[in-house]
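Notes for the one structure printed next.
What you see is a predicted model; the values in this text were computed from it and never measured.
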Amino acid sequence: MTAQEVRLCGLLLREHFGEVVAKLGTHLLRSGAQNLRTIIHETGISLDLVKKSLCVLVQHGTCVFSAGRKGPGSPTEYQTSCDRILRILRYPRYIYTAKTLYGDTGELIIEELLQRGHMTMSSTVKTVADRLTQNMEEGRSMDYSEVSSAFSKLVETHFLQRSAPSTPATPVSNTQPTPESFPDCYKVPHMTLIGRGKRLLSSEDGEDQRNAKKAKLDLETHGDEGIYWQVNFERFHLHFRDQAIISAVANKLDQTSSEIVRTMLRMSEVTTSPTATCTKPLSANEIFRSLPSSYNIPRPILDQYLTLLVDDPMEFVGKAGESGGGMYVVNLHRALANLARATLESVVQERFGSRSARIFRLLLRKRHLEQKQVEDFAMIPAKEAKDMLYTLLSQNLVQLQEVPKTPDFAPSRTFYLYTVNQLPTARMLLQNCYKTVANLIERRLFESRESKRLLEKSQRIEAILASLQASGAEPEQLTEVEEMITASEKQQLESLRVHINKLDSAENQVDETIFLLESYVNSTATSTG
């Protein structure tokens, strides 16, 4: 864990949970596992706030606890997970994916579970049904059974899973439950929940009524008490990885090739381990039968496409045998390595120009080259090539390897070879990405702080307008309230919204790069481990 990761984790915790939780979370990241007494002593936070902060972190899965290291009877120790905190950055992407796959209902289910950490199925269904009803036309409402059906689909496709029961006796584990460690993690309980979503009341009297109703609902039982659900982040990450591979194939070859690869990935979803370097072998006959009929790809054309994919230098698809018309696999690790390589090349091109990118690609392909060889192969004048190599060397994007002819390392009898080590370079770029996201978040918070008074005024006026419209006010009254914000203030607000949207968009784009590089680094560690 690096300083950049800790800084980004602190910013994410502060933005989502507040200053106290951020202070406690970053302290545990730096210090490792600690018991309650040590945390209070070293942070200076009161006992009550430490307990509440730990509850928040445990609720959202960013903190785990276990029995003390000194043996039975020693105080429980708490430890935060950097990887889990960094996933907060990807929340918008999880929600958008759920919306794309399962519509508004799936989106709200994932959103509620991400906001609350974990919830029971009945509680989630009621909350989501009420929110959907609130946005429907008067007289219409959302049936609980429709939300339950969407919830069950998310569980069936493993996007949701049960939270494993935890006690201080269990060892510290940052991994999510699996069917092997927790057999019931994808088992949907029988739930006796019948009814429809209800509209929230807006009056103050309705507030008391709502609280009383909530207390009453809490006493009701629906058959799923004590069974809590959480978002299965690993399943979302597999989906993101598959989409990145499909998109790369579509860009490199064509849409039909990408649909064939999509079919292969869909067929092997259940049979392939998340850490596997390639999918299980699939015969050409199986692939042909599984292709959706809307594609209209004849068998001879499919064979040609599969041959094209196997022969492609990117090696997204490999051949594993000849039985069943040919056995094919998707090379997951090779695909991630090529995507990471393309990302590195793109970064070099954007920062140092197309000629430097040509040298970088040349070194990736040829492995080791002397300076003279680089000049000749890249067809760049000696002076320019030398400057570019030294610039890349100073940025740690290129490494220099000395190969002596004699043991004394005399410069005249030593080969100086330039090379690119893809994995360390990817790790370095990943750290730069963490730094970039942290800078973007700090800039966004600064912009919001600078215009705090104007934003508060705008929110107050919007609230007044909403209440006037609800009570059927005259158009003159509405116009009078709208004119409380001057033309220059409206211009400032619009400019601020544009800046904030740009910063949000940049965060999401950098996170896509982070995901690709993290996947490549983790895949390399798994394949060599």
Side-chain angles (χ1 to χ4, degrees), residues 1-17 19 21-34 39 42-43 53 57 60-64 77-91 93 172-175 233-234 237 240-241 275 336-337 339-341 343-344 346-348 350-351 392-399 420-446 503 506-529:
M1 184 177 20
T2 62
Q4 295 302 338
E5 287 175 281
V6 174
R7 177 184 169 222
L8 179 54
C9 286
L11 285 166
L12 290 169
L13 288 174
R14 185 185 306 152
E15 191 175 4
H16 286 79
F17 307 120
E19 193 70 45
V21 176
K23 184 179 178 182
L24 180 69
T26 49
H27 171 74
L28 285 174
L29 283 173
R30 291 191 178 102
S31 307
Q34 287 191 336
I39 294 169
E42 292 187 5
T43 59
S53 300
L57 291 171
H60 286 84
T62 53
C63 178
V64 289
E77 292 185 337
Y78 300 87
Q79 185 177 3
T80 48
S81 162
C82 183
D83 291 341
R84 182 60 190 79
I85 295 170
L86 290 174
R87 285 178 195 158
I88 295 172
L89 189 62
R90 218 160 280 152
Y91 278 8
R93 202 171 170 195
V172 172
S173 173
N174 294 331
T175 57
F233 297 104
E234 297 308 320
H237 292 168
F240 297 157
R241 180 200 67 191
T275 56
L336 288 170
L339 290 171
R341 178 174 172 163
T343 304
L344 295 176
S346 174
V347 168
V348 172
E350 291 299 319
R351 284 187 65 190
L392 291 172
L393 191 64
S394 68
Q395 296 293 322
N396 291 325
L397 291 163
V398 165
Q399 288 77 41
V420 174
N421 294 327
Q422 187 169 318
L423 185 59
T425 309
R427 284 202 180 104
M428 183 193 72
L429 183 58
L430 187 57
Q431 294 305 316
N432 290 347
C433 287
Y434 290 141
K435 184 178 180 180
T436 303
V437 174
N439 289 345
L440 286 167
I441 292 172
E442 285 193 334
R443 182 68 200 181
R444 177 163 51 77
L445 295 174
F446 172 77
L503 291 167
E507 279 177 46
N508 291 331
Q509 286 170 352
V510 177
D511 180 58
E512 287 181 24
T513 305
I514 288 174
F515 174 74
L516 268 180
L517 294 173
E518 278 181 347
S519 300
Y520 165 62
V521 169
N522 294 337
S523 171
T524 306
T526 306
S527 62
T528 56

Worksheet item: Step by step, would you call E234 with R87 a salt bridge (Lys or Arg N to Asp or Glu O under 4.0 Å)?
Response: CA-CA 11 Å; E234 297 308 320; R87 285 178 195 158; 2.8 Å; yes
Discussion item. Do R93 and N508 make a side-chain contact, defined as non-hydrogen atoms from C-beta onward lying under 4.5 Å apart?
Written reply: no
Item to complete: Could you tell me which residues satisfy side-chain hydrogen bond (donor to acceptor under 3.5 Å, both in side chains) with N432, sequence neighbours excluded, listed by chain and number?
Response: none
Worksheet, complete the sentence: Distance col, row E518:CD vs L86:CG, nearest 0.5 angstrom, shows 6.5 Å
Worksheet item: Has the side chain of S81 got a donor or acceptor atom that lies under 3.5 Å from a matching backbone atom of C63?
Response: no
Worksheet item: Would a 4.5 Å heavy-atom cut-off, applied to side chains only, mark I88 and F17 as touching?
Response: yes
Worksheet item: Going by heavy atoms in the side chains, are E42 and S31 under 4.5 Å from each other?
Response: yes
Worksheet item: Do the non-hydrogen side-chain atoms of R7 and K435 ever get within less than 4.5 Å of each other?
Response: yes
Worksheet entry | Approximate separation, where rounding is to 0.5 Å, of L430 CG and Y520 OH | 12.0 Å
Discussion item. Under 6.0 Å from the ring centre and within 45 degrees of the ring axis: does the NZ or CZ of R241 meet both conditions for the six-membered ring of F515?
Written reply: no
Discussion item. Taking salt bridge (charged side-chain N to carboxylate O under 4.0 Å, His left out) as the cut-off, I'd like each qualifying pair that reaches into residues 24-34, sequence neighbours left out, listed once.
Written reply: none
Discussion item. So, taking the atom named CG in L57 and the one named CD in Q79, what distance separates them when rounded to the nearest 0.5 Å?
Written reply: 12.5 Å
Fill in: Any residue meeting side-chain hydrogen bond (donor to acceptor under 3.5 Å, both in side chains) with Q431, in chain and number order, not counting sequence neighbours
T2
Worksheet item: Can you tell me how far CD of E15 sits from CG of L89, rounded to the nearest 0.5 angstrom?
Response: 9.5 Å
Practice prompt. Measure the spacing between CD of Q509 and CG of L440 and express it to the nearest 0.5 Å.
Written response: 10.0 Å
Item to complete: Evaluate the side-chain hydrogen bond (donor to acceptor under 3.5 Å, both in side chains) criterion for residues N439 and R444: first the C-alpha distance (whole Å), next the side-chain angles of each, then the deciding distance (0.1 Å), finally the verdict.
Response: CA-CA 9 Å; N439 289 345; R444 177 163 51 77; over 6 Å; no
Worksheet, complete the sentence: Heavy-atom nearest pair, T43 first then K23, reads O-NZ, 3.0 Å
Worksheet item: R90 and F233: side-chain contact (heavy atoms from CB on, under 4.5 Å), yes or no, with the steps?
Response: CA-CA 10 Å; R90 218 160 280 152; F233 297 104; over 6 Å; no
Worksheet item: Is any side-chain heavy atom of V21 closer than 4.5 Å to a side-chain heavy atom of R14?
Response: no
Practice prompt. Using a 4.5 Å cut-off on heavy atoms from C-beta on, say whether the side chain of V420 contacts that of L397.
Written response: no
Response to the item:
Looking only at heavy atoms, the pair that brings R84 and H60 closest together is NH2-O, 2.8 Å
Practice prompt. Measure the OG-CZ distance between S346 and R341 for me, rounded to the nearest 0.5 Å.
Written response: 14.0 Å
Fill in: For the student: nearest non-hydrogen atoms of A438 and L11, plus distance
O-CD1, 3.5 Å
Discussion item. Applying salt bridge (Lys or Arg N to Asp or Glu O under 4.0 Å) to E507 and R443, what does each step give before you reach the verdict?
Written reply: CA-CA 11 Å; E507 279 177 46; R443 182 68 200 181; over 6 Å; no
Practice prompt. Would you name the heavy atoms of G25 and L13 that are closest together and state the gap between them?
Written response: CA-CD1, 3.8 Å
Fill in: Derivation of the side-chain contact (heavy atoms from CB on, under 4.5 Å) call for T425 and N396
CA-CA 7 Å; T425 309; N396 291 325; over 6 Å; no
Worksheet item: Considering all heavy atoms of both residues, which atom of I85 and which atom of L12 are nearest to each other, and what is their separation?
Response: O-CD1, 3.7 Å
Discussion item. Applying side-chain contact (heavy atoms from CB on, under 4.5 Å) to Q395 and R351, what does each step give before you reach the verdict?
Written reply: CA-CA 11 Å; Q395 296 293 322; R351 284 187 65 190; 3.1 Å; yes
Fill in: Positive for side-chain contact (heavy atoms from CB on, under 4.5 Å) with I514, one of V510, L517, L516
V510
Item to complete: Heavy atoms only: give me the nearest G10-T26 pair and the separation to one decimal.
Response: CA-CG2, 3.4 Å
Worksheet entry | From CA spacing to verdict: side-chain hydrogen bond (donor to acceptor under 3.5 Å, both in side chains), H27, Q34 | CA-CA 10 Å; H27 171 74; Q34 287 191 336; 2.8 Å; yes
Practice prompt. Kindly assign one of parallel, tilted or perpendicular to the pair H16 and Y91, based on the angle between their ring planes and the thresholds 30° and 60°.
Written response: perpendicular
